[in-house]
Amino acid sequence: MAAENIDDVVDGLAGIVREAGRAGDRAGYFAALYRQVTVEVRTAIHRGLFDDGARMDRFDTHFGNRYFDAYDAWRRDRGGPRCWREAFGLLDDADTVIVQHLILGVNAHINLDLAIAAARTGPGEAIHALRRDFLLINDILARVVLAVQDSVGALSPFMSLLDRIGARTDERILDFSIRQSREEAWYNAVLLAGQDEEEREATLERLDIRTAVLARLAARPGGLVRPALQLIGATESDDVAAVITHLDSAMARPSARQGPG
């Protein structure tokens, strides 16, 4: 699938969520989170919260197409970027819990795709005018992630164990820091925007390898996190369709609207 605008991105994600729900496919977990992010970005565009709404529509479309391309490549022949192959490759793994599936998707989409979409939207010196809107879109992402974490808490009775051992505090889940990744994504966007084609290819290779390594760390953490995840996995809901439905309505709950904007 290929989106032409942000409405197409929302529709494409909603289609993946619906199909995943019918098939009991855990790909619907991240797609549900991402659909809500995109709806929130579209709402912010309509409200005039960005400096350049049309530019943010293009940005979000580039961003969405990165995910669609990775999703289609995996479905077609198990191809695509390394970091997305790490994420999609664990969809049928019984030892990977809900929150890990979400983090694996967020990891690939922020640490690789976000910088690429930004650089394509603002090539060269134009990237600098994008900074404020870039930070705002990332704040929206962080808010939705936190709302979805609360939703996961309702599905995973022992999720609080991660809080007790310091593996899920605010924007840090397991060993993945959303805040740090957002900052690094901006740095990499500026880098990519100023590079020629050969330099960009080398940077993208480096980013993909690094993001794939982070995916492996999130998938198989060590220390006290590992037994905590085993207990969480043994007690959380295994009804994939019901989990997708619950995650996909996280932002519709009143508590989600009380978070930081």
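We use all heavy atoms of the structure for the numbers below, so side chains are in, but hydrogens, waters and symmetry mates are not. The first residue of the sequence shown is numbered 1, and numbering continues consecutively from there. Everything numeric here is computed off the predicted structure, so don't read it as measured data.
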Response to the item:
On a heavy-atom basis, the closest approach of S151 and A250 is CB-CB, 4.0 Å
Worksheet item: Rounded to the nearest 0.5 Å, how far does NE2 of H109 lie from CZ of F63?
Response: 3.5 Å
Item to complete: List the atom of N188, the atom of A115, and the distance in Å for their closest heavy-atom pair.
Response: CB-CB, 3.8 Å
Worksheet item: Hey, does T38 have a side-chain heavy atom less than 4.5 Å from the side chain of D60?
Response: yes
Fill in: Hphob cluster co-occupancy, L112 + V9, side-chain heavy atoms under 4.5 angstrom
no
Worksheet item: Does L155 offer a backbone N or O that forms a donor-acceptor pair with the side chain of E236 under 3.5 Å?
Response: no
Item to complete: Please test E197 against R200 for salt bridge (Lys or Arg N to Asp or Glu O under 4.0 Å), starting from the C-alpha separation and ending with a verdict.
Response: CA-CA 5 Å; E197 184 174 352; R200 278 195 299 272; 5.3 Å; no
Worksheet item: Is there a side-chain contact between L192 and L204, using heavy atoms and a 4.5 Å cut-off?
Response: yes
Worksheet item: Counting only N and O atoms by type, is there a donor-acceptor contact under 3.5 Å from the side chain of E199 to the main-chain atoms of D196?
Response: yes
Worksheet item: Should we count CG of D11 as having more than 12 external heavy atoms under 6.0 Å?
Response: yes
Item to complete: Would you indicate whether the side-chain heavy atoms of L136 and D51 approach each other to under 4.5 Å?
Response: no
Item to complete: With the side chain counted from C-beta on, respond yes when E19 and R22 share a heavy-atom pair under 4.5 Å apart, and no when they do not.
Response: yes
Worksheet item: T211 versus R82: any side-chain heavy-atom pair under 4.5 Å?
Response: no
Worksheet item: Mind checking whether W186 and L135 have side chains closer than 4.5 Å, heavy atoms only?
Response: no
Practice prompt. Measure across R66 and P81 and return the closest heavy-atom pair with its distance rounded to 0.1 Å.
Written response: NH2-CG, 4.1 Å
Discussion item. Just checking R78: does its CZ atom have more than 12 heavy atoms from other residues, nucleotides or ligands closer to it than 6.0 angstrom?
Written reply: yes
Practice prompt. Find the distance between NE2 (H62) and CG (L114) and round it off to the nearest 0.5 Å.
Written response: 12.5 Å
Worksheet, complete the sentence: When every non-hydrogen atom of V243 is compared with those of S237, the smallest separation belongs to CG2-OG, 3.7 Å
Worksheet entry | Atom pair CD1 (I127) and CG (L130), whose distance is rounded to the nearest 0.5 Å | 5.0 Å
Worksheet item: So do L104 and F30 actually touch side chain to side chain, heavy atoms under 4.5 Å?
Response: no
Worksheet item: Minimum heavy-atom separation for V144 to Q36, with atom names?
Response: CG1-CB, 3.9 Å
Worksheet item: For the atom pair CG (D8) and CG (D57), what is the distance rounded to the nearest 0.5 Å?
Response: 9.0 Å
Worksheet item: Do other residues, nucleotides or ligands put more than 12 heavy atoms under 6.0 Å from the CZ atom of R85?
Response: yes
Practice prompt. I would like to know whether F68 and Y34 meet ring-ring contact (aromatic ring centres under 6.0 Å, His included); could you show each step before the answer?
Written response: CA-CA 11 Å; F68 294 144; Y34 187 26; 7.4 Å; no
Item to complete: Provide the full list of salt bridge (charged side-chain N to carboxylate O under 4.0 Å, His left out) pairs with a residue in residues 92-102, sequence neighbours left out, each pair given once.
Response: D93-R220
Discussion item. Is there a continuous path of hydrophobic side-chain contacts, each under 4.5 Å between heavy atoms, that joins L90 to I232?
Written reply: no
Worksheet item: For the hydrophobic clusters of this structure (ILVMFWY residues joined by side-chain heavy atoms under 4.5 Å, transitively), does one cluster hold both L214 and L207?
Response: no
Worksheet item: Are F59 and I116 connected in the hydrophobic side-chain network, where two residues link if heavy atoms are under 4.5 Å apart?
Response: no
Practice prompt. Fit a plane to each ring of F88 and W84, take the angle between them on a 0 to 90° scale, and name the class: parallel (under 30°), tilted (30 to 60°) or perpendicular (over 60°).
Written response: parallel
Fill in: Non-neighbouring partners of R42 that pass side-chain contact (heavy atoms from CB on, under 4.5 Å), sequence neighbours left out
I6, D7, V10, V39, H46
Worksheet item: In Å, rounded to the nearest 0.5 Å, how long is the span from CG of N107 to CD of Q100?
Response: 12.0 Å
Fill in: Residue pair M251 / A147: nearest heavy atoms and the distance that separates them
SD-CB, 3.5 Å
Discussion item. With clusters defined by side-chain heavy atoms of hydrophobic residues (ILVMFWY) lying less than 4.5 Å apart, directly or transitively, does I16 cluster with L91?
Written reply: yes
Worksheet item: Taking C-beta and beyond as the side chain, do E184 and R210 meet within less than 4.5 Å on heavy atoms?
Response: yes
Fill in: Distance in Å, I137 CD1 paired with F50 CZ, rounded so as to fall on 0.5 Å steps
5.0 Å
